[in-house]
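Predicted model only: the values in this text are computed from it and were never measured. We name chains A, B, ... by the order of the sequence lines, and we start the count at 1 in each one.
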2 protein chains.
Amino acid sequence: MTQVVGKNQERISRRQVDKFAERRAQLATSALRTLSELGYARTSLREIAQNSEFSHGVLHYYFRDKVELITYCVRQYKAECVTRYDRIVVTAGSAEELRDGFGAAMAGTLREDATMHRLWYDLRNQSLFEESFRADVLEIDQSLEQMIWRIVSHHAELAGSPVAVPPAAAYALFDGLFQQALLRFLNGDDTAPANLQTSVKQLLQRFLTHS
Amino acid sequence: MTQVVGKNQERISRRQVDKFAERRAQLATSALRTLSELGYARTSLREIAQNSEFSHGVLHYYFRDKVELITYCVRQYKAECVTRYDRIVVTAGSAEELRDGFGAAMAGTLREDATMHRLWYDLRNQSLFEESFRADVLEIDQSLEQMIWRIVSHHAELAGSPVAVPPAAAYALFDGLFQQALLRFLNGDDTAPANLQTSVKQLLQRFLTHS
DNA sequence: AAGAATTCTTGACAGTCGTCAAGACTTTCT
DNA sequence: AGAAAGTCTTGACGACTGTCAAGAATTCTT
């Protein structure tokens, strides 16, 4: 990519950059699909390429490293995450409505995106062993905590009652419920989403300070 | 190992079996140490052997597979687990005493056994991708749930109040708190154990039905 | 102390991994 | 159309993996 100056060159270069970014995103999507099926430990670059429409060499044209590829994947996953949970922050008129909406959304994403969620937990755990993804993982974790907190505090507002739990604990508790439900669901327990739904609603209610 | 019958032979054979089992346990301990430092994805048999006082070939003398080795490790880890949490079920005279003891024990094992805990979460996640360890992992998970439930119900008994949460949810919630604290602790947050301690105490108290 | 059984080491094997370079193919520009 | 830049494929490399077999070293038995 020559960096010659000039109006035409710039327009062209930008278009090429867009194409470049598009292909990166496309390859990352293939990589995420592979990772979510095999897990981090058993995913190789050749396998990723085979799950795409390209050969294995192209990965090193668009990504310097395996680390850079997976880091890019993690960041792309985060974008998905945010949209998913922003979909959850429904426009709820009452506290009960919000509880229902949130519980249903949790159960829904458990059912539909189970393999992606197990990948998220896999990568989060990898970050405990290797430095590489740690920063990005922590960033995602914090944004998840914030999304949970938005729901919890909004719920308390609707209920006209202060929250009795700090943001970090609230996130940890919901995450615990979700992770256990995921474990059960991926083990063939089809009642897991429904159970999660009721657990989530109860927990949300319990976060309110009882007068 | 010849299986000749006779009193002497039997005594000898048993002794040999014991030695065999002892060495298996010894190798599994080395393996667990390596796994807890590198994680499942980056642990090789040669690395395990190098962290022991034997050469890499010996692993196939005592274990058929890599899978059999790691399965054995998981089971040995479970034994450690049980003793650890049984140590936690302190003889507490009051509900408050139990809360303090449990909170301190959680904070303590977070500080001391952090790498082992991250290994546990790693292996539990692996079981979501490959069938091999799934049965053993689920067994451990259930026994952890039971240990948590023993504490929760004992605490309610001491407080003279029924429990407001089913066993599975209680375990999931404590596990969520612990996992987040582990994440923070391994990222250098030295306040994580203390924070976990107070969170745990508050959660335990909140499990009681408010009259 | 000699022979047998067990235990451990060494070296090799087939396969896979991440990485890279040479070149073919495609698109774009002048 | 010809040149240039960009894109992709192919094949190779060294390193590493799990596994295994042959034999040395050790321990045990008689």
Restricting both atoms to N or O, compile the protein contacts to nucleotides 23-25 of chain D shorter than 3.5 Å, with distance only.
none

Do the charged groups of A:R184 and B:E145 touch, with an N to O distance under 4.0 Å?
yes
Would you call the rings of A:Y121 and A:F178 parallel, tilted or perpendicular if under 30° counts as parallel and over 60° as perpendicular?
tilted
Cation over ring face, A:K66 and A:Y40, 6.0 Å, 45°
yes
Check the distance between D:dT9's P and A:Q50's CD and give it to me in whole angstrom.
13 Å
Taking NZ, NE, NH1 and NH2 as the nitrogens, is one of them in A:R75 or A:E139 under 4.0 Å from a carboxylate oxygen of the other?
no
Considering just the side-chain nitrogens and oxygens of A:K19, establish if one lies under 4.0 Å of OP1 or OP2 belonging to C:dT27.
no
Not counting sequence neighbours, which residues clear side-chain contact (heavy atoms from CB on, under 4.5 Å) with B:S44? List them please.
B:R46, B:E47
Using the six-membered ring wherever Trp is involved, compare the ring planes of A:Y61 and A:F20 and label them parallel, tilted or perpendicular (cut-offs 30° and 60°).
perpendicular
Electrostatic pair B:R124-B:D175, nearest N-O below 4.0 angstrom:
yes
Whole angstroms only, please: what is the OH-C1' distance between B:Y62 and D:dT19?
18 Å
Does D:dT10 have OP1 or OP2 sitting under 4.0 Å from an N or O in the side chain of A:S55?
no
B:F102 ring center near B:F174 ring center (under 6.0 Å)
yes
Report the distance from atom CG of B:L38 to atom P of D:dT17, rounded to the nearest whole Å.
10 Å
Members of residues 120-134 of chain B that approach DNA chain C, where some heavy atom sits under 4.0 Å away
none
No-hydrogen, no-angle side-chain donor-acceptor test under 3.5 Å, A:T71 and A:D136:
no
Near DNA chain D, counting only heavy atoms under 4.0 Å, which residues of residues 65-75 of chain B show up?
B:D65, B:K66
Spacing between A:Y61 atom OH and D:dA5 atom C1', to the nearest angstrom:
9 Å
In whole Å, I'd like the distance from the NE2 atom of B:H60 to the P atom of C:dT10.
17 Å
Between A:F54 and B:R64, which is nearer to the 5' end of DNA chain D once each is assigned its nearest nucleotide?
A:F54
Are A:Q76 and A:T29 close enough that a side-chain donor and a side-chain acceptor fall under 3.5 Å?
yes
Could you tell me how far apart A:R42 (CZ) and C:dG18 (P) are, to the nearest whole angstrom?
14 Å
Calculate the interatomic distance between A:L45 atom CG and C:dC17 atom P; express it in whole Å.
9 Å
Between atom CG of B:D190 and atom CG of B:N195, what is the distance when rounded to the nearest 0.5 Å?
11.0 Å
Reckon A:F63 touches a base, only the sugar-phosphate, or nothing at all at heavy-atom distances under 4.0 Å?
nothing
Could I get a table of every N or O pair under 3.5 Å where one atom is in the protein and the other is in nucleotides 11-15 of chain C?
from, atom 1, to, atom 2, distance (Å)
C:dG11, O6, B:H56, NE2, 2.8
C:dA12, N6, B:R46, NH2, 2.8

Can you measure B:L59 atom CG to D:dG18 atom P for me and round it to whole angstrom units?
10 Å
Do B:S52 and B:Q26 have a side chain donor and acceptor closer than 3.5 Å?
no
Test: B:E22 and B:K19 ion pair at under 4.0 Å
no
Taking only residues two or more places apart in sequence, or in another chain, which ones meet A:D100 in a salt bridge (charged side-chain N to carboxylate O under 4.0 Å, His left out)?
A:K201
